[in-house]
*Asks:* 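Sending over a structure as structure tokens; questions will come in a sec.
Values in this document were obtained by computation on a predicted structure and should not be read as measured data. Atom set for the values below is all heavy atoms of this structure, side chains included, hydrogens, waters and symmetry mates excluded.
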Amino acid sequence: MRSRLSERIAALHAQRESAHRQRFRRTVLRREGVRCEVLDGSQSRWLLNFCSNDYLGLSQHPRVLAALRKADSAGSTASHLVCGHDAQHAALEEALADWLQLPRALLFGSGYMANLAVLQALLGTGDLCVQDKLNHASLIDGARLAGCTFKRYPHADAAAAGRQLVAHPEGVAVLASDGVFSMDGDVAPLPALAAEAKRHEALLYVDDAHGIGVMGAFGRGSVDAAGLTVDDVPLRLVTFGKALGGAGAALVGDADLIEHLLQTARPGIYTTALPPAQAAATLAALMIVRSEEGDALRHRLRDNITRFRVGAEARGLSLRSSQTAIQPLLVGADAEAIALSAALEQRGYWVAAIRPPTVPEHSARLRITVSAAHASEQIDGVLDALTEANAVR
């Protein structure tokens with residue numbers, strides 16, 4: 001007898017409930033810098049946001065908002081290859097390539113779509129994709145959809161990646177890694193990965209969603225910070241929804257690879273182009289990131305990260321080894337992470353509890369993110385609140 005979908009859904013719901021893994025959305029009514037007015041039942045309350053990816057505070061920058069309002073169209077009305085490729089899109093692609101000192105850029109609606117596009121367009125049956133165990137879900141999904149042989153190596157172990165490449169010498173090979181890992185905040189060993197890729201004739205692809213804008217010269221990202229060039233990393237992903245404060249993404253790198261993706265990548269061909277207004281806002285954010293103001297914001301962010309880590313150590317809080325804006329506090333049990341997040345909210349701080357399957361089993365955590373927009377007293381305040389909440393849990 002055929003299974004009933006409703007029964008399966010009900011069983012999975014009950015399973016999530018019992019494991020403390022049900023997900024909930026929060027509605028933000030207003031944003032004022034790092035302060036958010038959040039709907040709580042029929043009431044609302046103001047919380048200090050320590051879980052956003054807006055690392056430089058650009059989502060509300062006056063020049064970014066002005067560019068958004070000035071655009072003459074809310075929608076692109078079609079895909080890039082039909083009639084949706086606007087002058088704002090072209091200007092943004094040119095500016096991205098110039099900023100990152102790379103031959104070419106290609107826009108996508110999101111980083112998730114771009115990762116699916118890369119692996120499906122470059123790989124197929126008989127090919128190989130080797131990935132870090134902690135890569136973003138979109139990279140994992142992209143490899144599975146490509147139909148290639150898919151292997152994962154222990155986190156940040158470049159030698160293990162090389163062994164995977166040696167063990168599967170046939171077909172085209174792509175070695176893919178996050179630049180900065182979104183749940184741990186650590187940086188991939190990119191020079192070692194580049195060496196393994198060259199040694200075994202694989203293409204190194206880096207998802208730099210959390211490195212772009214905040215690392216490297218003029219915010220060029222983790223690849224630049226590692227001293228690598230397009231010869232080492234022929235293709236990389238940059239996203240606009242983190243340090244650039246907006247939405248969307250681009251693939252940047254070797255001109256022939258970008259042209260191939262333009263011609264063949266289904267998530268780019270068969271979808272409506274990014275709204276021109278969003279492209280204009282992203283271009284404004286990019287100009288800030290690569291300017292002296294961007295340098296000042298990155299300096300402020302580094303100071304805030306240092307203040308947070310020094311303050312956490314002084315208070316006996318054990319953080320993961322991260323020097324980026326992502327500062328995870330490992331809790332372990334799902335229920336305890338939820339309770340700690342709730343205790344912080346009662347004290348006026350919004351810090352999300354991250355649970356499996358987003359992170360490995362038994363590694364539920366608070367993913368605390370520091371921004372250039374945080375004031376020193378706000379950082380001290382969340383640390384004090386964490387100390388108090390930790391003491392009573």
*Asks:* Under the side chain to side chain contact (heavy atoms under 4.5 Å, CB included) criterion, do Val187 and Gln323 qualify, and how do the steps go?
*Replies:* CA-CA 9 Å; Val187 181; Gln323 300 302 317; over 6 Å; no
*Asks:* Can you measure from CD (Gln101) to CZ (Phe218) and round to the nearest 0.5 angstrom?
*Replies:* 8.5 Å
*Asks:* With rounding to the nearest 0.5 angstrom, report the SG to CZ distance, Cys36 to Arg45.
*Replies:* 12.5 Å
*Asks:* Assess the side chains of Asn53 and Arg367: does a donor N or O sit below 3.5 Å from an acceptor N or O?
*Replies:*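 A pair is found: one side chain offers a donor N or O, the other an acceptor, under 3.5 Å apart.
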*Asks:* Under 4.5 Å between side-chain heavy atoms, chaining through other members, with only Ile, Leu, Val, Met, Phe, Trp and Tyr counted: pull out the rest of the cluster around Val174, sorted by chain and number.
*Replies:*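 Hydrophobic cluster check, Val174: joined to Leu81, Leu106, Phe108, Val118, Leu119, Leu122, Leu123, Leu139, Val172, Leu203, Tyr205, Leu235, Leu237, Leu251, Leu257, Ile258, Leu261, Leu262, Ile269, Tyr270.
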*Asks:* Is there a donor-acceptor pair under 3.5 Å between the side chain of Ser322 and the backbone N or O of Gly185?
*Replies:* yes
*Asks:* Before giving the answer on side chain to side chain contact (heavy atoms under 4.5 Å, CB included), spell out for Asp256 and His260 the whole-Å C-alpha distance, their side-chain angles and the decisive distance to 0.1 Å.
*Replies:* CA-CA 6 Å; Asp256 289 341; His260 176 72; over 6 Å; no
*Asks:* May I ask you to test the Ile326-Tyr55 pair for a side-chain heavy-atom distance under 4.5 Å?
*Replies:*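 SC-SC contact between Ile326 and Tyr55 confirmed.
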*Asks:* Under a 4.0 Å threshold between the charged nitrogen and the carboxylate oxygen, would Arg104 count as salt-bridged to Glu259?
*Replies:* yes
*Asks:* Closest heavy-atom contact between Ala250 and Leu107?
*Replies:*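 What the structure gives for the nearest pair is CB-CD2, 4.0 Å.
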*Asks:* Would you tell me whether Ser222 and Asp208 have side-chain atoms, one donor and one acceptor, within less than 3.5 Å of each other?
*Replies:* yes
*Asks:* Judged by atom type as modelled, is there a donor-acceptor pair below 3.5 Å linking the side chain of Asp224 to the main-chain atoms of Gly221?
*Replies:*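 No.
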*Asks:* For the residue pair Gly57 and Ala373, what are the closest heavy atoms and their distance?
*Replies:* CA-CB, 4.4 Å
*Asks:* Kindly say whether Leu116 contributes a backbone atom to a donor-acceptor pair with the side chain of Gln120 at under 3.5 angstrom?
*Replies:* yes
*Asks:* Measure the shortest side-chain to side-chain distance between Thr149 and Asp127 over non-hydrogen atoms and say whether it is less than 4.5 angstrom.
*Replies:*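 Not touching, per the 4.5 Å side-chain cut-off.
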*Asks:* Should Met113 and Val238 be counted in the same cluster of Ile, Leu, Val, Met, Phe, Trp and Tyr side chains packed under 4.5 Å apart?
*Replies:*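 No, Met113 does not connect to Val238 through the hydrophobic network.
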*Asks:* Hydrogens and angles aside, do Arg309 and Gln327 bring a side-chain donor and acceptor to less than 3.5 Å of each other?
*Replies:*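 Yes.
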*Asks:* Is there side-chain contact between Asn49 and Cys51, with heavy atoms separated by less than 4.5 Å?
*Replies:*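 Yes, side chains in contact.
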*Asks:* I'd like to check Val252 versus Glu93 (side-chain heavy atoms, cut-off strictly below 4.5 Å). Are they in contact?
*Replies:* no
*Asks:* Keeping the roles fixed (side chain from Glu313, backbone from Val310), state whether a donor-acceptor pair exists under 3.5 Å.
*Replies:*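 Checked: no pair found.
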*Asks:* Any salt bridge linking Asp232 with Lys198? Criterion: basic side-chain nitrogen under 4.0 Å from a carboxylate oxygen.
*Replies:*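 So Asp232 pairs with Lys198 through a salt bridge.
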*Asks:* Salt-bridged, Glu293 to Arg298, with N to O below 4.0 Å?
*Replies:*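 The answer is no: the pair does not qualify as a salt bridge.
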*Asks:* Output, in order, the C-alpha distance, side-chain angles, deciding distance and verdict of side-chain hydrogen bond (donor to acceptor under 3.5 Å, both in side chains) for Asp207 and Asn115.
*Replies:* CA-CA 8 Å; Asp207 176 341; Asn115 277 339; 2.9 Å; yes
*Asks:* Could you tell me whether His155 and Phe181 have their ring centroids closer than 6.0 angstrom?
*Replies:* yes
*Asks:* Less than 3.5 Å apart, any donor N or O on the side chain of Glu196 or His200 sitting next to an acceptor on the other?
*Replies:* yes
*Asks:* Would you say the side-chain atoms of His210 pair up with the backbone N or O of Asp178, donor to acceptor, closer than 3.5 Å?
*Replies:* no
*Asks:* So how far is it from Leu366 CG to Ser341 OG, rounded to the nearest 0.5 Å?
*Replies:* 6.0 Å
*Asks:* Does a side-chain heavy-atom distance below 4.5 Å link Val180 with Met215?
*Replies:* yes
*Asks:* Do Val38 and Thr27 make a side-chain contact, defined as non-hydrogen atoms from C-beta onward lying under 4.5 Å apart?
*Replies:*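 Result no, sub-4.5 Å side-chain heavy-atom pair not found.
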*Asks:* Using every non-hydrogen atom in the two residues, find where Ser177 and Ala188 come nearest and quote the distance to one decimal.
*Replies:* OG-CB, 3.5 Å
*Asks:* What I want to check is whether the side chains of Ser76 and Asp86 have a donor and an acceptor closer together than 3.5 Å.
*Replies:* no
*Asks:* Any salt bridge linking Arg21 with Glu361? Criterion: basic side-chain nitrogen under 4.0 Å from a carboxylate oxygen.
*Replies:*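 Salt bridge flag = yes for Glu361 with Arg21.
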*Asks:* Is the backbone N or O of Ile354 less than 3.5 Å from a side-chain atom of Thr358, with the two atoms forming a donor-acceptor pair by type?
*Replies:* no
*Asks:* Tell me whether the count of non-hydrogen atoms from other residues, nucleotides or ligands lying under 6.0 Å of CD in Glu17 goes above 12.
*Replies:*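 Counting other residues, nucleotides and ligands, CD of Glu17 exceeds 12 neighbours.
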*Asks:* Of all heavy-atom pairs between Leu47 and Tyr349, which one has the smallest distance, and what is that distance?
*Replies:* CD2-N, 4.2 Å
*Asks:* Keeping Arg220 on the side-chain end and Trp99 on the backbone end, is there a donor-acceptor pair under 3.5 Å?
*Replies:*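 Between the backbone of Trp99 and the side chain of Arg220 there is a qualifying donor-acceptor contact (under 3.5 Å).
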*Asks:* Answer yes or no: is there an ion pair linking Asp303 with Arg300, defined by an N-O contact shorter than 4.0 Å?
*Replies:* no
*Asks:* Does NE2 belonging to His362 count more than 12 external heavy atoms closer than 6.0 Å?
*Replies:* no
*Asks:* Might you confirm whether atom CZ of Arg31 has over 12 heavy atoms from other residues, nucleotides or ligands at distances under 6.0 Å?
*Replies:*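 Incorrect, the count does not exceed 12.
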*Asks:* Is it true that Phe50 and His374 have ring centroids separated by less than 6.0 Å?
*Replies:* yes
*Asks:* Test your reading of the model: is there a side-chain donor-acceptor pair from Asp40 to the backbone of Gln43, 3.5 Å cut-off?
*Replies:* no
*Asks:* Hey, could you give me the CD1/CG distance between Ile212 and Leu96, rounded to the nearest 0.5 Å?
*Replies:* 8.0 Å
*Asks:* Quick one about Tyr112 and His136 (side-chain donor to acceptor, distance below 3.5 Å, no hydrogens or angles considered), yes or no?
*Replies:* no
*Asks:* Return yes if some donor-acceptor pair links the side-chain N/O of Gln131 with the main-chain N/O of Leu175 below 3.5 Å, else return no.
*Replies:*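 Checking the backbone N and O of Leu175 against the side chain of Gln131, no donor-acceptor pair under 3.5 Å is found.
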*Asks:* Between Asp334 and Arg16, is there a side-chain N and carboxylate O pair less than 4.0 Å apart?
*Replies:* no
*Asks:* Would you give the length of the straight line joining atom CG of Leu297 to atom CG of Leu58, rounded to the nearest 0.5 angstrom?
*Replies:*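 Between Leu297 CG and Leu58 CG, I get 6.0 Å after rounding to 0.5 Å.
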*Asks:* For residues Met183 and Val214: do they belong to one hydrophobic cluster (side chain heavy atoms under 4.5 Å, members Ile, Leu, Val, Met, Phe, Trp, Tyr)?
*Replies:* no
*Asks:* Should the pair Arg26-Glu345 be classified as a salt bridge under the 4.0 Å nitrogen-to-oxygen rule?
*Replies:* yes
*Asks:* Taking the side chain as C-beta and beyond, is there a heavy-atom pair between Leu386 and Arg315 under 4.5 Å?
*Replies:* no
*Asks:* On a heavy-atom basis, which atom in Leu193 and which in Leu204 lie closest, and how many Å separate them?
*Replies:* C-CD2, 4.1 Å
*Asks:* Please confirm whether the backbone N or O of Ala161 pairs with a side-chain atom of Asp157, one donor and one acceptor, at under 3.5 Å?
*Replies:*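 Not a single qualifying donor-acceptor pair exists.
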*Asks:* Rounded to the nearest 0.5 Å, what's the gap from CG on Leu56 to CD1 on Ile288? Could you check?
*Replies:*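 If we round to the nearest 0.5 Å, Leu56:CG and Ile288:CD1 are 9.5 Å apart.
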*Asks:* With a 6.0 Å cut-off (strictly less than), is the heavy-atom count around CZ of Phe150, excluding the residue itself, greater than 12?
*Replies:*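 Enclosed.
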*Asks:* Strictly below 4.0 Å, N to O, side chains only: are Asp384 and Arg347 in salt-bridge contact?
*Replies:* no
*Asks:* Run His13 and Gln22 through side chain to side chain contact (heavy atoms under 4.5 Å, CB included) and show every step you take.
*Replies:* CA-CA 8 Å; His13 176 84; Gln22 191 71 359; 3.2 Å; yes
*Asks:* Quick check: closest heavy atoms across Asp186 and Ser321, and the distance to 0.1 Å?
*Replies:*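 For Asp186 and Ser321, the tightest heavy-atom pair comes out as CB-O, 4.2 Å.
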*Asks:* For Ser363 and Arg365, run side-chain hydrogen bond (donor to acceptor under 3.5 Å, both in side chains): C-alpha distance rounded to whole Å, both residues' side-chain angles, the deciding distance at 0.1 Å, then the answer.
*Replies:* CA-CA 6 Å; Ser363 70; Arg365 67 197 62 187; 3.2 Å; yes
